[in-house]
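Shown next, in structure tokens, is the structure this report addresses.
Side-chain atoms are counted along with the backbone in the values below, which use heavy atoms only and exclude waters and symmetry mates. Quick note on labels: first sequence line is chain A, next is B, and so on, each numbered from 1.
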Amino acid sequence: MSKDLTLDITYHLLYFFSAILFSPLLPGLINRTKAIFGGRKGKPLLQLYYDIFKLLKKKCVYSKTVSWIFRLAPLIFISSLTIVLFIFSFGEYNNYFSFNGDIIFALALMALARFAIVLAALDTGSSFEGMGVSRELMFVPFSEILFLLIVAAGIKSSSSFTVSSAFTFNFPPHIALLLIIALFILLTVENYRLPTDDPNTHLELTMIHEVMVLDYSGPDFAFILYGASIKLWIFIFMISSIVLSFFPDFSLPIIRYLFTICIIFSVSIVIGIIESITARFRFDKVRRMLILASVFCIVVLFILIEKGDIV
Amino acid sequence: MTLYFLGIAILLLTGIFSLCFSKAKYSLYLSFYGQLVNFLLISFSSLIFFKKAANNITYSLSSFLPELTFSFRVDMLSFLFILPVILISTLASFYAISYLPDTSKTKTSCFWFNLLTSSMLLVLLSSNALLFLFFWELMALSSFFLVSYDAQKKEIRMASWIYILFSHFGVFFIIGGFYLLYLNTNSFEFESFIGTDLSHSTSSIIFLLLLTGFGSKAGFIPFHIWLPKAHPVAPSHVSALMSGIMIKIGIYGILRSTTFCASAFTSTHIPLLILSIGVISAIIAIIFALLQNDIKKLLAYSSIENIGIILIGIGLGTFAISKKQNFSAILALSGALLHIFNHSIFKSLLFLSAGSLIKMTGEHNINKMGGLLKKNSFLGINFLIGSASISSIPLFNGFISEFMILFAAFYMFINSNDVLVISIALLTILTLIFVSSIVTICFVKTFATVFLGESKINNDKLKKIGATSNLPCTILSFICIFVGLWAIYIVHIPLAISFEILHGFIIDNSVVEKFSFFFQSLAFGTIIFIIFILILSMLILVRKFLLCAKDEETITVTWDCSYLAPSSRMQYTGSSLVSPFTEFCNRILGVKFKTPIFSSIYPKPTKFEMIIPDFMEKLILKEPGKIISFLSRFISRYELLPIQFHIFLMVLLLLILIVWSFCMI
């Protein structure tokens, strides 16, 4: 085994396991930032870890309506997101775990996760959860197109068909900025953050994602909370790897790794700041926001084609 | 070849003999045995076909008529279609045993069913244009009689008339196309069609004629109107056969005609036309499917959408040829070919399960079903697998074929500097992603409203369905998973076929080396699937472990926000799930709502109705219909003239013809 390969595998696994370990920290960071902005002391940073451990120790309560789909869905949700996380924990260049077309697999696995959770929500037969599903599904075609356009811009500039090279490319600043804005909008929609959905309103009629998992309890709910935090990590990781293109090359991979982790935490602080100063959008405005972000990506593609230095 | 003919002869004979029984049960069994023997014979001969690695088998016999030779030929392309034909028709005839009632109509239905299967096989085998047209017509007629199974009902008669109208409309164009080919080659043999040097414009015209003709059978937009009308009224096993296989025969015709009109593909016009037809069909049809509540109408619209995806694959492949992107060409075309096979599997699966559902509940409207997963979990799992495959969820077969087309499009997108190529590739990618996300929504809606939640039908109203009707669905589900997981071996077959189709276009062999790229990603993908299954089973064990230490799980009601009298009719229905989309698309589709008007202080019971008109129907069916009825009224005025006048007209015509023929000499 060459030294290069060993190094690459080590760092891939390092990124992967730090995501597994630290991803429940991100909601804590966001909440703490919001609390500081609101002048409160706020929950502990590790609140999600406590919640997950507490839930794992509890037992499950099920509705008499639900079938095996409801019980299986959290497991499918978390296992498909884990694989997406594995695809999205690339280090620097020559990545031995990435392959041509891995982005299609990542997208399809995210669709599988959504498929499972949506079917589980409808399995309860609750009209609240049906409403959540209906709202969630309304954004899906737009957000998937946006995701694809972002990736298309990435792979067109790096002219390679893997996620790792699409996101670790050294983008020119103006392109990187547009892509970061687009990714940020995608993040709010996919992870149900403000201004798409307010995770703090616990009123059934106003929620999107929370209302879909209303009937879960015990270990099942722990799986869902953990899966959601992994999903948040994946999207923040994408943003951070584009942010890295603003900085010069790192001499040591370990410095790059530490820097990435710092950026991930600071991006979640930025999310907290944005959540503290914006109000929630009306539903149809979210769709417009997604279309706006898609237009950004199309502008990026135009710039790339216009420059003509792509091979 | 003998085995093929033997199989078809057995099919026809069992079909005829099934008319003679007094009990319909026996004729159903006989028809099934005929299908089974045919399946065994043809699959055995296909094994030989693969063992020998022969490119094609031919058989020909001259006949009493000039230009008509009984020439038959099996090559890789027809082989791809023969396999699903025999598989689906055998399973469908097995399904029919428990599905069809014991009446005399059933006996004739058996006969037409076997005739349809054998005529489809003969269409695929024949390699003479006249022979092809004869069997094509036989196929249309036998399926017409199958659709009009319940011919006493007026709407069923109407639907089958519309079907036969479109079928004949198509034949008209096919005859035109073949005749133009005959004028250029002086032969009706397919083999002589292939080698001719037609000019670009001639071959484009011929291809357009054939595309229109075969398209009316394949049912892409705007020739799709017969599909959502004929499928809901036909018996389910017939819809499975028609939607799974027969519309694909139209695609077979289009693929055949690409080999006849090779020079039409030197420029980008025709490929772009095919691509845009595919894009339009896929997008419009899936939006219509999303709004439907009749389960079979929904499936019919989704068939149109899948035909659109197949055409996108073919269009992208041919476009890539004209732009010298050989790798993408082969990959996109083989994606389309694999999608043909996959669609025939999962669509038949869905139609057969829909038939069981309709038999169980006596309802076509999905909003009135619900909670059926607990009543018939086998059916539910089969329907779920079908839905997951059609929504191109990974692990199932639908994903693989869409992955191939997407991979080809991405490859073009990355490796080209041509703005046209980049934008076409991007358009393809976006369409496929958009369509597959809406398909997912559509089938989430269908599966959830039918199988999940609380039942909206009284328990005693549900009929029991035989266990045998689940067997064909289960076999099809296994094929879905098998193709999804073992894709890396299976994709060799469509790749080989598209190599053969594109043989004349691709000169350099360097393209073969590029496929190691693709196979590498497919291998990685398979590893991902295996890891997924491992993680999933590990988590199931973890969950078992976490829950085993505790006492029994608590069972309560669904969270109801303290409402004391929840009823199953309060659940979200399919229409309410997609109502944001209905509002969004309303301006384009013109959905009509009949909202109740409350006039008095004490409102009476009233109802809300939503009508989804197909705007193409007015354009394609109603407006030309008006012109034709106007013309026929005009002509019918002369029908009433005395007989002497008619004789005079005939003599006049004869005179003109005689004079004309003298002039020609």
Which region of [X], side chain (C-beta onward) or backbone (N, CA, C, O), has a non-hydrogen atom less than 4.5 Å from a non-hydrogen atom of chain B, or is it both or neither?
X       : answer
Y62(A)  : both
V118(A) : side chain
F223(A) : side chain
L148(A) : side chain
R135(A) : neither
L214(A) : side chain
F86(A)  : neither
S160(A) : backbone
D215(A) : side chain

Ring centers of [X], [Y] separated by less than 6.0 Å:
X       : Y       : result
F105(A) : F529(B) : yes
F407(B) : F161(A) : yes
F115(A) : F447(B) : no

Quick check: closest heavy atoms across [X] and [Y], and the distance to 0.1 Å?
X       : Y       : answer
F403(B) : G101(A) : CE1-O, 3.9 Å
I414(B) : K156(A) : O-NZ, 3.4 Å
L122(A) : L452(B) : O-CB, 3.9 Å
I83(A)  : I531(B) : CD1-C, 4.2 Å
S79(A)  : F532(B) : OG-CE1, 3.6 Å
G125(A) : Q571(B) : O-CG, 3.1 Å

### Message
Could you work out, with salt bridge (Lys or Arg N to Asp or Glu O under 4.0 Å) as the rule, every residue matching D220(A), not counting sequence neighbours?
### Response
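Only R543(B) meet the salt bridge (Lys or Arg N to Asp or Glu O under 4.0 Å) criterion with D220(A).
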## Note on the structure
Answer key: most heavy-atom pairs under 4.5 Å with chain A among L534(B), I540(B), V435(B), T449(B) is I540(B)
### Query
Among I438(B), V444(B), L395(B), V419(B), who wins on heavy-atom pairs under 4.5 Å with chain A?
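Top count of heavy-atom pairs under 4.5 Å with chain A: V444(B).
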Compare all side-chain heavy atoms of [X] with those of [Y] and state whether any distance is below 4.5 angstrom.
X       : Y       : value
T440(B) : L137(A) : no
F451(B) : D123(A) : no
I555(B) : S63(A)  : no
S159(A) : N415(B) : no
S576(B) : S134(A) : no

### Task
Check whether any side-chain N or O of S521(B) sits under 3.5 Å from a backbone N or O of N100(A) as a donor-acceptor pair, and report yes or no.
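Such a contact is found between S521(B) side chain and N100(A) backbone.
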### Query
Which bit of I533(B) is near chain A, if near means a heavy-atom gap under 4.5 Å: side chain, backbone, both or neither?
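It is neither, since no heavy atom gets under 4.5 Å.
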### Task
Examine whether an atom of F413(B) lies under 4.5 Å from a heavy atom of chain A, and if so say whether it belongs to the side chain, the backbone or both; otherwise answer neither.
both
### Message
Within the supplied structure, the quantity of interest is the number of heavy atoms (other residues, nucleotides, ligands) at a distance under 6.0 Å from F515(B) CZ; does it exceed 12?
### Response
yes
### Message
With a sphere of 6.0 Å drawn around CZ of F519(B), does it hold more than 12 non-hydrogen atoms of other residues, nucleotides or ligands?
### Response
yes
### Query
Can a donor-acceptor pair be found between the side chains of T65(A) and E454(B) at a distance below 3.5 Å?
yes
### Message
Using 30° and 60° as the class boundaries, would you call the ring planes of F524(B) and F99(A) parallel, tilted or perpendicular?
### Response
parallel
### Message
For the interface with chain B, which of V66(A), V140(A), I76(A) has the highest count of heavy-atom pairs at distances below 4.5 Å?
### Response
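Most heavy-atom pairs under 4.5 Å with chain B: I76(A).
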#### Entry: Contacts with chain A made by residues 370-382 of chain B (heavy-atom distance under 4.5 Å), listed by residue number
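Answer by number: L373(B), K374(B), I381(B).
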